[in-house]
There are 2 protein chains.
Amino acid sequence: MPSMGTSEPRSITGRVFTLLGVFSESRPTATLSELSRSAGLPLSTTHRLVGELIHWGALERDPGGGYHIGLRLWELGALSPGSFGLREAAMPFLEDLYEVTHENVQLAVRDGLEAVYVERISAHHAVNVVTRPGTRLPLHATGVGLVMLANASRAVQEHALATPLRRFTSRTISTPAGLRRVLAAVRRDGYVVSVGQIELITQSVAAPVHGQDGEVAAGLSVVVPVDADVRLLVPAVRAAARGISRALGAPRCVR
Amino acid sequence: MPSMGTSEPRSITGRVFTLLGVFSESRPTATLSELSRSAGLPLSTTHRLVGELIHWGALERDPGGGYHIGLRLWELGALSPGSFGLREAAMPFLEDLYEVTHENVQLAVRDGLEAVYVERISAHHAVNVVTRPGTRLPLHATGVGLVMLANASRAVQEHALATPLRRFTSRTISTPAGLRRVLAAVRRDGYVVSVGQIELITQSVAAPVHGQDGEVAAGLSVVVPVDADVRLLVPAVRAAARGISRALGAPRCVR
DNA sequence: GACGAGTTTCCGTTGAACGGAACAGCTTTG
DNA sequence: CAAAGCTGTTCCGTTCAACGGAAACTCGTC
C-alpha cells in the first residue's frame with residue numbers, strides 16, 4: 001500500500017483511493033470538508049471527485065450531509081479471493097466450530113506482516129474481542145498471525161524478525177528470539193495457543209488453513225477467556241482447519 | 001449505477017470503475033486483454049490503469065498472469081453500512097437462527113429494485129441456495145425482497161409495480177396485481193412465506209429488520225426445502241429480526 | 001443582521017492521461 | 001522448426017479531462 005505520509009498523489013486514481021482511504025473503522029462517515037482536509041485536496045477538487053464516486057456507487061451520502069462507503073465497493077470487495085473463495089468455502093466449518101464451542105471464531109489472511117480478519121462469528125455471551133472483518137493486527141501478536149507467519153516464506157519470516165515487534169500487553173512477544181522460538185513450536189505442533197497477546201483477558205487457539213498449492217492461505221482461531229481450558233479446543237480447531245483446507249483443494253500431504 | 005451499455009466513460013474514475021466492474025461472480029479473474037476488451041479500452045490504457053489499481057491494492061495479479069479484486073477493496077467495502085453496522089449487529093442473531101434451524105439464514109439490503117445479499121450462513125447439509133454475499137436478485141422474487149418492498153416508500157413500490165416482473169419459475173409472481181396482493185399481505189402479517197420463486201425446490205420465511213429511524217433497513221430470511229413445515233420457523237425468524245432491529249436502535253413501536 | 005463554516009458552481013489554464021506503434025515473449029499450428 | 005497468433009510491455013508526441021481559486025449560496029449560531 002503506497003505511503004500517504006508523503007506528498008499527495010497527483011494521479012486521479014491515487015486521489016480517488018486517498019479519498020476512499022479517509023474512511024476507517026474509527027471514521028466510517030466524513031463530511032466533504034473532512035474528506036478534503038484529510039486527503040489534502042482542494043475543496044472543489046474533492047467535491048468533483050466525490051461526485052463521481054457517488055455516481056459509481058463507491059460512496060453514498062447521508063441525509064445529514066456525511067459520506068460513507070457505498071454498497072458498490074462492498075460488492076466489488078466481495079469478489080476478492082479472501083471473500084469469494086476462502087470465506088465461502090470456510091463458512092460451514094466456521095459454523096461447526098462455533099456450535100461446538102460457542103466462542104468467537106475467526107478467519108484471517110496475511111497481508112505483509114499483518115493479519116487481516118475476513119470473518120468473525122461471535123455470540124451474545126462470548127468474550128468480547130477487538131476484531132471485526134477488516135481489522136488488521138500484527139502477525140506476531142495473534143494466533144492466526146503466528147500460524148501464517150510460521151509457514152510463510154523464509155524472506156517473510158526474516159522480515160518479521162527484523163521489524164520492531166509492537167507490544168500490546170506485558171505478555172506480547174516482543175523479541176526476535178522469543179518469536180523464533182514460538183514459530184518453531186508452531187511448525188512442530190501444527191497449531192498455537194496464543195495467550196494474552198492483544199488483551200490480557202483472552203487467549204486463542206489457532207491452526208493453519210492450506211490452499212490448493214499447499215501454501216498456508218489463512219489462519220483459523222477460536223478466542224476464549226484466558227482462564228478457559230483449551231485442551232479440548234485444539235483438536236476441534238485443527239479438524240475445522242483441515243476441513244477448510246480440503247474444501248479449498250489442498251494437497252493431502254499438508255492438510 | 002451508470003449504464004455501461006452506452007459509450008465507454010472518458011473520465012478516469014469512470015474507466016477505473018468500468019475495469020473493476022468487469023469482475024463478477026461468474027468472472028472473478030481476468031487477463032489484461034480480457035479487461036481491455038470487456039471495458040472497451042485500448043490495451044496500453046488498460047495496462048497503465050491496471051498498474052495503478054495494483055499499486056493501490058484494488059487489484060492483485062495471479063502468478064499465472066490473471067488479475068483479481070484486491071484485499072484493499074474488500075477492506076474498504078467492509079466499511080460500508082451494510083457490512084460495518086448492519087451485518088456486525090446482525091451476526092449473533094443470524095447465528096441464533098442458524099442454531100435453532102440448521103438451515104440457510106440470509107440477510108439482504110435493498111438497492112433500487114434488487115435485494116443484495118450481505119450475509120449468508122449455510123451448513124453442509126442445508127438445501128443448496130443460489131445466493132452468496134454480493135448476489136443480487138429482484139425484490140419480488142425473494143422473501144427478503146418482499147418484506148423490504150412492502151415497507152418501502154410508495155414511489156419505490158409504484159416503480160416496482162410498473163417494472164416488468166422477471167419470472168424464474170412457474171410460481172414466480174409475475175403480475176402487478178399479484179404483487180400488490182402479496183405486498184398487502186406482508187404488511188398485514190409482518191412476515192412472508194415465499195415459495196418456489198427462484199427455484200421450485202425451496203421456500204423462505206422472511207421478516208423485516210428496522211433501522212434506528214424505523215425504516216426497514218434489511219430483510220432476514222431462512223431458506224428451507226419446499227416440503228418443509230415452516231409454521232415453527234415464523235416466530236423464530238420474526239424474533240431474530242426484532243432482535244437485530246433492537247440492536248440497530250429501532251424505535252419500539254416498529255420492531 | 002453578522003459571522004463562521006460548509007457546500008456548490010464556474011471557467012481559463014494545464015499537465016496527467018492518452019493510445020498507436022513498435023517490440024518482446026509465449027503458445028499453437030502446420 | 002518457422003510462421004502465425006495472441007498477450008503483455010514500453011515509449012512519447014499529442015490533447016482534453018481535470019484542475020482549483022474565486023465567488024456565490026446555504027445553514028446554523030449568536
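Order of the sequence lines fixes the chain letters, A, B, ..., with proteins taken first and strands second; residue numbering starts at 1 for each chain. This one's a predicted model, so the numbers in the text were calculated from it and none came from an experiment.
- Residue contacts for A:Leu43: at a heavy-atom cut-off of 4.0 Å it reaches a base atom on one of the strands shown.
- Closest to the side chain of A:Leu32, out of C:dT7, D:dA17, D:dC19, is C:dT7.
- The residue B:Ser33 sits close only to the backbone: its heavy atoms come under 4.0 Å of sugar-phosphate atoms, none of a base.
- In this structure, the CD1 atom of A:Ile12 is 7 Å from the C1' atom of C:dA16, given to the nearest Å.
- When each of D:dT10, D:dA17, C:dT7 is scored by its nearest atom to the side-chain atoms of B:His47, the top-ranked nucleotide is D:dT10.
- Atom CG in A:Leu35 sits about 16 Å away from atom C1' in C:dA5, given to the nearest Å.
- The cationic atom of A:Arg132 (NZ for Lys, CZ for Arg) lies less than 6.0 Å from the six-membered ring centre of B:Phe84 and within 45° of the ring axis.
- The phosphate of D:dT9 (OP1 or OP2) has no side-chain N or O of B:Arg48 nearer than 4.0 angstrom.
- At a threshold of 4.5 Å between non-hydrogen side-chain atoms, the residues A:Ile54 and A:Tyr67 count as touching.
- A:Leu41 places its CG atom 16 Å from the P atom of C:dT8, with the value rounded to the nearest Å.
- Checking B:Pro42 against A:Glu34, the closest nucleotide of DNA chain C that is more toward the 5' end is the one next to A:Glu34.
- Under a 4.0 Å N-O distance rule, the pair A:Glu25/A:Arg136 does not qualify as a salt bridge.
- Comparing D:dA18, C:dA16, D:dT9 against the side chain of A:Arg10 picks out C:dA16 as the nearest.
- Rounded to a whole Å, the CG atom of B:Leu49 is 15 Å from the P atom of C:dA16.
- Residue B:Arg15 places no side-chain N or O under 4.0 Å from the OP1 or OP2 atom of C:dA16.
- Atom CD of A:Glu52 and atom P of C:dT8 are 15 Å apart (whole Å).
- For A:Arg37 and D:dG20, the CZ to C1' distance is 17 Å, given to the nearest whole Å.
- Of all nucleotides listed (D:dG20, C:dT8, D:dC16), D:dG20 comes nearest to the side chain of A:Thr45.
- Residue-level contact check: A:Ser44 touches the bases, meaning some heavy atom is under 4.0 Å from a base atom.
- The number of heavy-atom neighbours closer than 6.0 Å to CZ of A:Arg180, taken from other residues, nucleotides and ligands shown, is 12 or below.
- Taking 4.0 Å as the cut-off between side-chain N and carboxylate O, B:Arg15 and A:Glu52 do not count as a salt-bridged pair.
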